[in-house]
Enquirer: 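One structure follows; several queries about it will come next.
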2 protein chains.
Amino acid sequence: MLTIGKLGEAAGVKVPTIRYYEQIGLLPPPDRSAGNQRLYGQRARDRLAFIRHARELGFPLEAIRDLLSLSDRPDQSCAAADSIARAQLAATRARIARLRALEAELERMIGQCAHGTISDCRVIEVLGDHAQCRHDHDPAVAEPAA
Amino acid sequence: MLTIGKLGEAAGVKVPTIRYYEQIGLLPPPDRSAGNQRLYGQRARDRLAFIRHARELGFPLEAIRDLLSLSDRPDQSCAAADSIARAQLAATRARIARLRALEAELERMIGQCAHGTISDCRVIEVLGDHAQCRHDHDPAVAEPAA
DNA sequence: TCTTGAACCTATAGTTGCTAGAGACATTAG
DNA sequence: CTAATGTCTCTAGCAACTATAGGTTCAAGA
Ligand SMILES: [Zn+2]
Ligand SMILES: [Zn+2]
Ligand SMILES: [Zn+2]
Ligand SMILES: [Zn+2]
């Protein structure tokens, strides 16, 4: 049996994150020691590793919740799981495409700047004049800040 | 003079977002009508367009704040502005690289699945077994959920 | 056995960049 | 003049954690 700290170390997940996952029902409430401390077994370790890996691949927690409940029914068709994964792939590709457009514009404006004063700075100028841009203009698709 | 709704329309920014930018000090408090409604002029419009464009390019609001205060000092060197832009470019490239690794793994696992039952599903299997992955293992670099 | 220090507990608030709602006031078109 | 739309403030919510405060439990050394 592992304490929460050991579990976190084993799975590469921070302790508060594990408690958070329990709170939102992604991990079941574990057994407790006589002194009320959480104790985890192999099952919890596997489940947490699954969550961790899915998060690394960018799956939202809600999708992971669905994947976990699917993985508890091994005899059913995996069509639902595959379609969640395909949606994640599509989202990933869309983000790559968008980021490439942003990369190109950033490169262009940095490359064109003569590095003089602010009043001549191509970076500032391009940001202020949005007219000839080709990239996405829907704020709902805006990148999360770096 | 524009009301907040007209300004939002003109700049492609939602009304609550404009009020939010004012609240965090990114836009100065505008004049008000006799009935206490916000009225904006050309300056505010330009400033908001600048913010909007920078956000589309993924700059964090804090970076935009710095860029705006730089653009208020036109005689200074643009080195600081350029370095903010270069940092944004670097962050964008890092995200593209990471997303490409994720894309590859998602493609691989989807492509290898025979689409039978969950117990044979390659998607579920790969998520559960994290051992032979090459992608980033630092949760601090994890992708924001799609 | 006692003590110290690390790890653990709960609960709450903060992060980023907005978005949505409630309930009240202002403006404008017909 | 009235009805509809727009605006006001304030509060709370989203994802997915992270951090802090104030307290308890556990393991190891003296
Ligand atoms: Zn420059
Ligand atoms: Zn642009
Ligand atoms: Zn499958
Ligand atoms: Zn992997």
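Just so it is clear: chains get the letters A, B, ... in the order the sequence lines come, proteins before strands, and each one is counted from 1. These numbers come from the heavy atoms of this one structure, side chains and all, not from hydrogens, waters or symmetry mates.
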Enquirer: Counting C-beta onward and ignoring hydrogens, is there a side-chain heavy-atom pair between Leu67(A) and Ile84(A) closer than 4.5 Å?
Expert: yes

Enquirer: Reading nucleotides 2-9 of chain D from the 5' end, what letters show protein touch, with B for base, S for backbone sugar-phosphate only, - for no heavy atom under 4.0 Å?
Expert: ----BSSB

Enquirer: Mind checking side chain to side chain donor-acceptor pair (under 3.5 Å) for Ser119(A) and listing every partner two or more places apart, or none if nothing turns up?
Expert: Thr117(A)

Enquirer: Listing request: all salt bridge (Lys or Arg N to Asp or Glu O under 4.0 Å) pairs with a residue in residues 20-40 of chain A, at least two apart in sequence or in separate chains.
Expert: Glu22(A)-Arg38(A)

Enquirer: Of Ser33(A) and Thr17(A), whose nearest nucleotide on DNA chain D comes first from the 5' end?
Expert: Thr17(A)

Enquirer: For Arg93(A), what residues pass the salt bridge (charged side-chain N to carboxylate O under 4.0 Å, His left out) criterion, not counting sequence neighbours?
Expert: Glu103(B), Glu107(B)

Enquirer: Below 4.5 Å, heavy atoms only, C-beta onward: do Leu68(A) and Arg65(A) meet side chain to side chain?
Expert: no

Enquirer: Nearest-Å distance, CD1 (Ile18(A)) to C1' (dC17(D))?
Expert: 13 Å

Enquirer: How far does NE2 of His53(B) sit from CG of Asp129(A), to the nearest 0.5 angstrom?
Expert: 8.5 Å

Enquirer: Given that Pro16(A) and Ala34(A) both sit by DNA chain D, which one's nearest nucleotide is further toward the 5' end?
Expert: Pro16(A)

Enquirer: Applying side-chain contact (heavy atoms from CB on, under 4.5 Å), name anything that partners Tyr20(A), two or more places apart in sequence or on another chain.
Expert: Ile24(A), Leu61(A)

Enquirer: Please give, in whole Å, the distance from dT18(D) C1' to Ile24(A) CD1?
Expert: 14 Å

Enquirer: Where do N or O atoms of nucleotides 20-23 of chain D meet protein N or O atoms at under 3.5 Å, pair by pair?
Expert:
none

Enquirer: Grab the CG-C1' distance between Leu27(A) and dA16(D) for me, whole Å please.
Expert: 14 Å

Enquirer: Closer than 4.0 Å, any side-chain N/O of Lys14(B) to the OP1 or OP2 of dT19(C)?
Expert: yes

Enquirer: Send over the distance from Glu62(A) CD to dC17(D) C1', rounded to a whole Å.
Expert: 15 Å

Enquirer: Using only side-chain N and O atoms of Tyr21(B), determine if any of them is under 4.0 Å from OP1 or OP2 of dC18(C).
Expert: yes

Enquirer: Name all residues meeting the side-chain contact (heavy atoms from CB on, under 4.5 Å) criterion together with Arg43(A); count only those two or more places apart in sequence or in a different chain, and write none if there are none.
Expert: none

Enquirer: From OH of Tyr20(B) over to P of dG13(D), roughly how many Å is that when rounded to an integer?
Expert: 18 Å

Enquirer: Distances under 3.5 Å between protein N/O atoms and the N/O atoms of nucleotides 21-24 of chain C, please, pair by pair.
Expert:
none

Enquirer: Residues in side-chain contact (heavy atoms from CB on, under 4.5 Å) with Ser77(B), at least two apart?
Expert: Ala79(B)

Enquirer: List in chain and number order the residues that pass salt bridge (charged side-chain N to carboxylate O under 4.0 Å, His left out) with Asp72(B), two or more places apart in sequence or in another chain; answer none if no residue qualifies.
Expert: Arg47(B)

Enquirer: With sequence neighbours excluded, what pairs up with Glu9(A) under the side chain to side chain donor-acceptor pair (under 3.5 Å) test?
Expert: none

Enquirer: dG17(C) P sits how many Å from Phe59(B) CZ, rounded?
Expert: 13 Å

Enquirer: Can you list everything that forms a side-chain contact (heavy atoms from CB on, under 4.5 Å) with Ala54(B)? Sequence neighbours excluded, please.
Expert: Leu127(A), Phe59(B), Ile64(B)

Enquirer: Whole angstroms only, please: what is the CZ-P distance between Arg52(A) and dA16(D)?
Expert: 16 Å

Enquirer: Can you measure Met1(A) atom CE to dC26(D) atom C1' for me and round it to whole angstrom units?
Expert: 17 Å

